[in-house]
There are 2 protein chains.
Amino acid sequence: MLDFAILGILTDGPMHGYELKRVLADSEHGFWTVSFGSLYPALRRLEKQGFVSVGTGGGSRRKVYQLTPEGKAYFQEMLEEPGSTDEERAFTLKLAFFRYLDPDSRIGVLERRRAHLTSRLAESRKSMKDSANRTKRRMDDYTLALINRSMQSTEADIAWLDELIENERAARRPRKPRRARGTTPEPNEI
Amino acid sequence: MLDFAILGILTDGPMHGYELKRVLADSEHGFWTVSFGSLYPALRRLEKQGFVSVGTGGGSRRKVYQLTPEGKAYFQEMLEEPGSTDEERAFTLKLAFFRYLDPDSRIGVLERRRAHLTSRLAESRKSMKDSANRTKRRMDDYTLALINRSMQSTEADIAWLDELIENERAARRPRKPRRARGTTPEPNEI
DNA sequence: TAAAGCATGTAAGAGGTTACATGATTGG
DNA sequence: CCAATCATGTAACCTCTTACATGCTTTA
């Protein structure tokens, strides 16, 4: 996960550790204030795996990390590969690096996310109905408020994803205005 | 965190490990599908600390865990104590167990959460302005969409908290209808 | 020249996960 | 009686955190 974020940031160009920490903490990557005890070992790991190469930054003490071709390939894999343990963070990061993903794959990522949220919503609804039926002990108001807010938020997320998906589709059929019903079809469509 | 959830669930009555796992996975506690490799060591830990006591559940193989007075006290502490590493989950759990928190402390918890979200929102806005000013490299549309959606969701959360806070306040002044402006004040208000 | 901030790192440990192992109990 | 599910546990590992240690570089 952290590896993914590091590789993504290094795609824009070489950078040293301290700077990476700062960039990660920017809103662009979801305020991930990672600690040095996490960052430096991660960089070492990536170096050992051959995904980044280190160079000294012009005589100073800074170590500048640069993406290798293998690192680039690995990053591309992670961009497309569905899922991980921390779905939320993984999706946030993917979206932050969406410009590096080829347009054909973008819709797939968005739709997998949409499916995930939809099924979560369905589970929520089901579990609320179940709990309403077995009247033994109904939820208290706080729990109810929590679940309702969570469902409301998920619904908004889905609507937001739909927008993104629609935008993406619109970009894939550039300025081909929809033909009115009944007009002559293109020859190859007959 | 897991300890907190376990103690909270056991407040309702004794339960054995396997059942705890199921209850945790319910929507009431935010779908926390915890693994056995995490749950059983946690129970052992709580037992060693004297927060739960084990008893065999009627000759069967099940181990039934029960809250001790120390466990109850510790749980109450965690309900009030502000913050932890994972703010989101901590707040969700606190709300799920809000009925066990004395009404006087509830508003405090809600307002701390509100303050936290408000400052997060302010940071977001600031970092967006900053990035708009240093025109060097403006954010791409995906990143922008992400941040906007996040801010929108946080705003909704704050509004939702305001509702909860208002409800809580209303409950603390029971059926004392608001006096119209200009009417005689209570003697002790002069 | 001292303080503030830059820069890299290590050690210990918290708190989870997956995968594995084992055996009891229940239902078709 | 066999499969599914109940029930408990261990071992190895992963990822990240906190706290500590060290020394360089800029600036007031």
Roughly, in whole Å, what's the span from CE in Met1(B) to P in dG13(C)? 22 Å
How close or far is atom P of dG15(C) from atom CD1 of Ile6(B), stated in whole angstroms? 12 Å
Residues within residues 13-21 of chain A bordering DNA chain D, heavy-atom distance below 4.0 Å: none
Applying salt bridge (Lys or Arg N to Asp or Glu O under 4.0 Å), can you list everything that pairs with Arg114(A), at least two apart in sequence or on another chain? Asp162(A)
So which pairs with a foot in residues 36-50 of chain B pass salt bridge (charged side-chain N to carboxylate O under 4.0 Å, His left out), sequence neighbours left out? Asp3(B)-Arg45(B)
Counting any heavy atom closer than 4.0 Å, what does Tyr65(B) reach on the DNA or RNA strands: base, sugar-phosphate only, or nothing? sugar-phosphate
Can you name the ring-ring contact (aromatic ring centres under 6.0 Å, His included) partners of Tyr142(B), sequence neighbours left out? Phe98(A)
Please confirm whether the shortest side-chain N or O distance from Tyr40(A) to OP1 or OP2 of dT8(C) is below 4.0 Å. yes
Going by number, which of residues 29-39 of chain B have a non-hydrogen atom under 4.0 Å from DNA chain C? Trp32(B), Thr33(B), Val34(B), Ser35(B), Gly37(B), Ser38(B)
What's the separation between atom NZ in Lys94(B) and atom CZ in Arg113(B), rounded to the nearest 0.5 Å? 10.0 Å
Taking only residues two or more places apart in sequence or in another chain, which ones pass ring-ring contact (aromatic ring centres under 6.0 Å, His included) with Tyr18(A)? Phe36(A)
Distance, rounded to the nearest Å, where Leu2(A) contributes CG and dT17(D) contributes C1': 12 Å
Whole Å only: how far is the CD atom of Gln49(B) from the P atom of dA14(C)? 11 Å
From CG of Leu46(A) across to P of dC16(D) the rounded distance in Å is 11 Å
Output all residues satisfying side-chain hydrogen bond (donor to acceptor under 3.5 Å, both in side chains) with Ser124(A), sequence neighbours left out; order by chain, then residue number. none
All ring-ring contact (aromatic ring centres under 6.0 Å, His included) counterparts of Phe4(A), not counting sequence neighbours: Phe75(A), Phe97(A)
Could you give the CZ-to-C1' distance, from Arg45(A) to dC13(D), as a whole number of Å? 12 Å
Please give, in whole Å, the distance from dC16(D) P to Arg89(A) CZ? 8 Å
If the condition is side-chain hydrogen bond (donor to acceptor under 3.5 Å, both in side chains), which residues does Arg149(B) pass it with, not counting sequence neighbours? Asp157(A)
Does dT10(C) have its OP1 or OP2 closer than 4.0 Å to a side-chain nitrogen or oxygen of Arg44(A)? yes
Here the distance between atom P of dG9(C) and atom CG of Leu43(A), to the nearest Å, is 8 Å
Answer yes or no: is there a donor N or O on one side and an acceptor on the other, between the side chain of Thr56(B) and the main chain of Lys63(B), under 3.5 Å? no
